[in-house]
Amino acid sequence: MGKRSVIPYGPQHPVLPEPIHLDLVLEDEKIVDVLPSIGFIHRGLEKLTEKRDFNQMVYVTERVCGICSFGHGYGYCDTVEHIMNIEVPDRAKFLRTIWFELSRLHSHLLWAGLMADAFGFENLFYQCWRVREKVLDVIELTTGGRVIFSVNKVGGVLKDITPEMQKAILEMLDYVEKETKVLEKTFMNDYTVQSRMKGVGVLTKEQAHALGCAGPFARASGIATDMRMRGYAAYGELDMEPIISNDGDCYGRCEVRIGEIYQSIDLIRQAIDKLPDGELAAVVKGNPNGEYFMRIEQPRGEADYYIKGNGTPNLDRMRVRTPTFANLAGLCEVLKGADYADVGILAVTIDPCISCTER
Amino acid sequence: MYKITRSPWVMHYDGSSCNGCDIEVLACLTPVYDAERFGIINTGDPLQADILLITGGINTQNAPVVKQLYDQMADPKVVVAVGVCACTGGVFKDCYNILGGADQVIPVDVYVPGCAARPQAIIDGIVKGIGVFQERLEKMEKGESLTDNKKAEETAESEDK
Amino acid sequence: MTATEGKNEIIAIEPGELSVKAMEMKSKGLRLSQACAAWLRKEEKLELSYSFVDDETYDMFNVRISLDNDKRDTEIASISDIFPYAAFYENEMRELFGANIKVINLDLHNKLYRIEEETPFVPKKEGQN
């Protein structure tokens with residue numbers, strides 16, 4: 001048995017911009033145990049329901065996380081709409097789907113860049129972020145915001161996507177698809193990149209299920225679960241299959257996320273093709289009274305929303321269970337037995353969003 | 001020493017932000033906005049950093065972390081608060097675990113508003129920060145003490161007593 | 001694609017039945033999706049919800065324990081032996097809402113978020129300090 005030592009990781013760390021603290025117990029170069037401690041970003045925004053009414057909470061919920069901001073706003077609105085039995089117009093459903101997929105597109109490209117940065121491929125990092133800026137340009141064109149776009153409200157959406165904007169989106173998709181094919185070659189075929197990812201942090205299907213993993217992290221281990229298959233928003237009318245990989249290592253997770261970039265491009269094209277005419281929002285009357293559990297697929301995985309209303313404008317409880325919270329147990333498991341040098345890659349590989357986790 | 005303002009090194013710390021400003025800070029450093037054309041380099045090491053970019057509000061747990069990072073930076077140093085949360089607490093001001101903006105624990109020189117702050121605004125903030133940095137540098141070379149630090153020393157002394 | 005929305009049921013149980021129910025869910029191959037507590041201000045009730053989901057059929061079963069104000073200290077056995085990752089959720093429920101969950105396998109002693117504000121966020125009972 002080698003010498004045991006404890007190395008702290010974070011909260012300020014060059015690889016991960018977000019603060020999470022891990023106590024890594026090392027035996028020589030191998031990690032034998034991990035103790036995560038969270039709470040650096042805990043704000044307690046779930047308790048703001050006591051001070052803000054349910055319409056104002058949309059904007060608070062969007063700021064659970066700046067990367068999957070649209071998804072959180074959508075999840076909240078959809079849950080309240082279920083409680084209040086509001087029938088959202090079809091056009092609003094399709095518009096939400098388009099924006100949801102645009103945010104997934106920018107989130108996955110962002111992850112790809114951070115991953116490249118984690119294994120020290122600075123050029124690839126810059127290339128990924130250069131392509132991502134095109135997606136942000138389109139988001140800015142359609143909503144006015146770059147990362148937090150606040151177009152959701154209870155009952156529908158606030159803005160419309162005009163035919164000119166649709167044209168701009170389609171042009172952007174062609175560009176991103178072309179560029180992603182180039183990036184994919186490096187991620188999937190490059191020898192040095194493969195040597196950092198193949199066989200690193202393997203999580204089997206059984207382990208992933210036993211640890212309750214969600215999203216691309218679980219799909220890379222062969223669990224074919226994707227909440228979009230539940231058909232919320234307009235996903236029920238679009239054609240898609242969950243993308244899975246059976247490797248269960250970092251390479252598999254990369255493969256799944258790059259596959260999902262193409263999938264998002266395909267879904268946006270389908271949604272623009274089928275975009276119906278009609279109203280943007282339904283009329284909202286009264287206050288929510290009741291409860292509902294909702295699950296949606298965020299870029300990082302499955303997110304749960306639970307809302308309990310009591311007939312007053314202030315909700316009794318608003319709870320968001322975010323994908324990284326579910327994947328934390330999986331992260332601790334893949335870190336055990338890994339080399340110390342791989343900690344950065346493994347931490348990025350679950351696509352962590354700490355501000356989601358702690359809210 | 002004279003030309004240090006041509007290449008200030010920035011360090012980014014995420015207080016309790018929602019990530020929106022963090023990715024905009026990173027977007028600043030990547031192509032399209034490319035703040036590196038001003039010689040700015042992103043570093044993870046507080047000992048080598050000249051400018052501290054802080055995003056998000058301060059809560060009870062990260063207050064000592066922020067304080068420590070600031071203390072580890074060598075003089076002269078500049079703090080830029082990016083985003084409305086780092087300025088005042090923003091949308092989370094009423095949350096039970098938020099103490100307020102970054103100026104609750106460290107002196108802030110430049111405030112960049114916005115939720116999320118746009119890259120143009122962040123670059124503007126950094127450039128303003130370089131101006132403050134230049135002033136402090138000149139003061140230090142003349143042998144004058146930096147007022148902020150003097151204040152900090154006084155408070156530290158009074159705390160010791 | 002065939003959209004399968006899946007069931008979304010709420011199953012009310014007594015506090016003592018939780019372990020049995022969790023075992024039943026585990027044997028069916030379900031996954032613990034989330035667990036949360038809620039304090040109902042109007043009715044003065046503490047509610048604990050454990051959600052179990054099926055990854056293939058997208059069904060969701062929410063097991064609900066409802067505790068009146070005078071019974072909210074009722075001991076609840078942790079399910080972290082059955083679902084190890086439940087520990088995070090249970091620590092959160094105990095820290096923020098004062099649910100009396102016993103024997104969590106990774107017991108953080110109300111220090112998950114390390115907040116300074118006084119917790120739990122439920123109104124104090126008479127005679128409590």
Side-chain angles (χ1 to χ4, degrees), chain A residues 35-40 42 44 46-47 50 82 209-214 218 223-232 235-241 291-295 302-308 310-312 314 316-322 325-330 332-333 357-359, chain C residues 1-10 26 29-43 45-47 49-62 64 80 82-89 91-93 95-97 106 108 111-117 119 121:
Chain A
L35 269 175
S37 59
I38 59 175
F40 291 96
H42 183 65
E46 287 176 355
K47 206 171 165 12
E50 290 171 15
H82 266 102
H209 182 77
L211 293 166
C213 298
I223 298 177
T225 177
D226 191 325
M227 292 310 130
R228 286 176 285 176
M229 297 294 280
R230 291 180 59 242
Y232 58 85
Y235 288 111
E237 291 164 53
L238 306 178
D239 200 28
M240 64 161 281
E241 284 295 328
E291 60 182 333
Y292 195 73
F293 287 91
M294 176 81 197
R295 288 187 297 155
E302 168 210 23
D304 286 33
Y305 298 84
Y306 168 60
I307 286 172
K308 176 115 190 170
N310 56 4
T312 61
N314 295 38
D316 252 350
R317 179 88 164 108
M318 190 274 285
R319 189 232 183 347
V320 187
R321 196 283 276 148
T322 55
F325 204 99
N327 285 338
L328 217 51
C332 294
E333 184 62 33
T357 314
E358 300 170 13
R359 302 172 305 281
Chain C
M1 167 181 121
T2 46
T4 44
E5 196 157 321
K7 288 180 219 159
N8 192 338
E9 291 173 9
I10 294 175
K26 176 132 185 162
L30 303 192
R31 163 169 74 85
L32 177 73
S33 158
Q34 65 104 20
C36 74
W39 172 253
L40 313 188
R41 288 195 292 276
K42 233 183 204 173
E43 292 136 54
K45 257 185 185 175
L46 185 69
E47 280 187 351
S49 315
Y50 287 77
S51 306
F52 298 92
V53 296
D54 192 319
D55 278 337
E56 276 155 26
T57 58
Y58 299 100
D59 289 343
M60 188 176 194
F61 303 99
N62 305 301
R64 163 72 46 84
S80 56
I82 306 161
F83 293 95
Y85 49 94
F88 289 112
Y89 302 108
N91 274 304
E92 187 190 66
M93 279 150 64
E95 181 173 356
L96 299 184
F97 291 90
L106 180 73
L108 297 172
K111 289 277 179 285
L112 176 69
Y113 290 125
R114 283 178 267 184
I115 44 186
E116 234 164 49
E117 191 93 351
T119 52
F121 297 128

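Here is how names work: the chains are called A, B, and so on, in the same order as the sequence lines, proteins then strands, and each is numbered from 1.
Looking at A/Tyr306, only its side chain comes within 4.5 Å of chain C, counting heavy atoms on both sides. Proximity to chain C (any heavy atom under 4.5 Å) is shown, for A/Ala218, by neither the backbone nor the side chain. Interface residue C/Leu30: only backbone heavy atoms are found under 4.5 Å from chain A. Neither the backbone nor the side chain of C/Ala86 has a heavy atom closer than 4.5 Å to any heavy atom of chain A. For chain C, the nearby part of A/Tyr292 is the side chain; its heavy atoms alone come within less than 4.5 Å.
Minimum interatomic distance between A/Asp316 and C/Leu40 (heavy atoms only, all atoms of both residues): OD2-CA, 3.4 Å. Minimum heavy-atom separation, C/Pro84 to A/Ala210: CD-O, 4.3 Å. Looking at every heavy atom in both residues, C/Ser51 comes nearest to A/Phe293 through OG-CE2, 3.6 Å.
Note that the CD atom of A/Glu291 and the OG atom of C/Ser49 stand 7.0 Å from one another [nearest 0.5 Å]. Taking NE2 of A/His42 as the start and CD of C/Glu92 as the end, the distance is 8.0 Å to the nearest 0.5 Å. Once rounded to the nearest 0.5 Å, the distance linking SG of C/Cys36 with CZ of A/Arg321 reads 11.0 Å. Between the OH atom in C/Tyr85 and the CD atom in A/Glu333 there is a gap of 13.0 Å [rounded to 0.5 Å]. Rounding to the nearest 0.5 Å gives a distance of 4.0 Å between CD of A/Glu302 and OG of C/Ser33.
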Practice problem: Apply side-chain contact (heavy atoms from CB on, under 4.5 Å) to the pair A/Asp304 and C/Met60, showing each step before the final yes or no. | Solution: CA-CA 11 Å; A/Asp304 286 33; C/Met60 188 176 194; 3.8 Å; yes
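Residues A/Phe325 and C/Gln34 fail the side-chain proximity criterion, which asks for heavy atoms closer than 4.5 Å.
The greatest number of non-hydrogen atom pairs below 4.5 Å with chain C, out of A/Asn310, A/Thr312, A/Leu211, is found for A/Leu211. Top candidate by heavy-atom pairs under 4.5 Å with chain C, chosen from A/Ile223, A/Asp226, A/Leu328, is A/Asp226. By number of non-hydrogen pairs under 4.5 angstrom with chain C, the leading residue of A/Lys308, A/Met227, A/His209, A/Arg295 is A/Arg295.
A salt bridge is defined here as a Lys NZ or Arg NE, NH1 or NH2 lying under 4.0 Å from an Asp or Glu carboxylate O, and C/Glu47 with A/Arg317 fails to meet this definition.
Within the 3.5 Å criterion, the main-chain N or O of C/Ala35 finds a donor-acceptor partner in the side chain of A/Arg319.
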